[in-house]
Each structure stands twice: as C-alpha cells, then as structure tokens.
Amino acid sequence: MAEAAAPLERHHMVRAAPAAWTAMLAGRGDLADEPLLAAWAQRGWPLIARRPVCEDVPGTVPLGLPLPPAREKRRLTLRLAPEDLVDSAPPPTLADARAAAPEAWRNTIASLLALDPQVRCFGSLAWQHLTGLAYLTAESDLDLLWRVDSAEAADALAGRIAEIAERAPMRIDGEFVTPAGVGVQWREWRSPARELVAKDRYGVRLADRAELLP
C-alpha cells in the first residue's frame, strides 16, 4: 500500500496487518492496559485516518482509534508504516450500519436514507457496526457524511436534514464533503456566515463558501 504514505482522506478506515499490529503494541507500554487491543487487527477491526500532527514521524501513516465508552472513550493516537496496512476504505454507508442502530433511531434513519441512499456514517454507530462492541449510548449522536457538488445542492440538502433533525430522537451531526474532499459541518453551512470552518486531510482553515462549492 505504498500510496498510503500520503495522508488518507478524512474518516477513511484502514486495517493493519496482524504481525505489524503486534509489533507496534510491543513498543507501546502505555497501551498494555487495554485488553481490547491485543487481537484488534486479527479480528479485522479498523483504525481511522487522522490529520498529521508535529509529533508524527515522517513516512508513517497517522491513525486513530476511539475506544468504547466502557474504556472511558479513550482516543488513541497511532502511527504505522504504509506497508503495515492491509487496505483502506471509506466509512460504512448508513444503509449498511443501520442494523446496529437503536430501535428508536430506525424511522429517522429511514428518512435520511430516502433523502440520500449513499450517505455514510462515522462515529459511534459506525464503530459499533464494524466491531460489534458497545459504542452507542443514550447520549450518542448520529454522525454522517454527505457528498455534495454544488452550493445549490448543499442548500437544499441542509434544509431537508434540518426538517428531519427537528423530530429526531438523537442529534444529527456530520459534514458536507466537497468533490475536493473538504468537509464543512452541515449546520454551519446553513448559517449566513461567508467564511466557514473547512477540514481536509491536511488541517483546518477558514474558507469562503464560494471557494468550497462554487
């Protein structure tokens, strides 16, 4: 996976080679108290791409792993060599993950899928779907990613999401993702602000909305 040396797209999920994972853990004494980690890669459970930080070693792939609430929602910062990764993929679709959702969420999820069948999810629902571990709690949000290619489409989509969110039993969070891979919170897109907080694989910046989606 030589191409993984460049930053992966935000929210992408990757799987580590079991031998490389075991070797990495052997050098991380701070993770010795996490019982879930020993067989994480062997089970085929993923890690998530994150933005590089100053502490990252050049040539390594910056990764993250949020642990379930039972492990105090600990967020792990990890690094692996590109050749240690087996594959990478976008986060799961909401359609695939909905079976892991609470019953109370089902009608809202059905409405969101009717709005965009290709919407993807990250956060607690995605991790519970991918691992089978108990990530969801009564306070969990539903975190989603919508691909948009124009300001007009984003405006219309944001209005429809807001209508669904008004009657949803959980908070609906997430981002509009532009063709360039830049993410903007859907609620912020609905604001009148000209400059919006934009996130991509390299960092966070303020961007003119006309620059993001002409």
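Note that the numbering runs from 1 along the sequence shown for the chain.
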With clusters defined by side-chain heavy atoms of hydrophobic residues (ILVMFWY) lying less than 4.5 Å apart, directly or transitively, does [Y] cluster with [X]?
X	Y	value
F176	F122	no
I48	L25	yes
V177	L112	no

> Quick one: which of R75, R74, R28 gives a salt bridge (charged side-chain N to carboxylate O under 4.0 Å, His left out) with E34?
Replying inline: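 Single salt bridge (charged side-chain N to carboxylate O under 4.0 Å, His left out) partner of E34 among R75, R74, R28: R74.
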
> So with a 6.0 Å cut-off around CZ of R160, is the heavy-atom count from everything else above 12?
Replying inline: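 Counting other residues, nucleotides and ligands, CZ of R160 stays at 12 neighbours or fewer.
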
>> I'd like to know whether CG of N107 has more than 12 heavy-atom contacts from other residues, nucleotides or ligands below 6.0 angstrom.
In response: no

State, yes or no, whether a side-chain contact exists between [X] and [Y] at a heavy-atom distance under 4.5 Å.
X	Y	result
T22	Q42	yes
R98	L125	no
C121	P91	no
M13	W127	yes
D141	M170	no

> Is D200 salt-bridged to R10, going by a charged N under 4.0 Å from an acidic O?
Replying inline: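 No.
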
>> Regarding R187 and D173, does a basic nitrogen lie under 4.0 Å from an acidic carboxylate oxygen?
In response: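 Yes, R187 and D173 are salt-bridged.
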
> W186 vs W146 aromatic rings, parallel, tilted or perpendicular, using cut-offs 30° and 60°?
Replying inline: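 Ring orientation of W186 relative to W146: perpendicular.
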
> Going by atom types alone, do D155 and W189 pair a side-chain donor with an acceptor below 3.5 Å?
Replying inline: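 Yes.
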
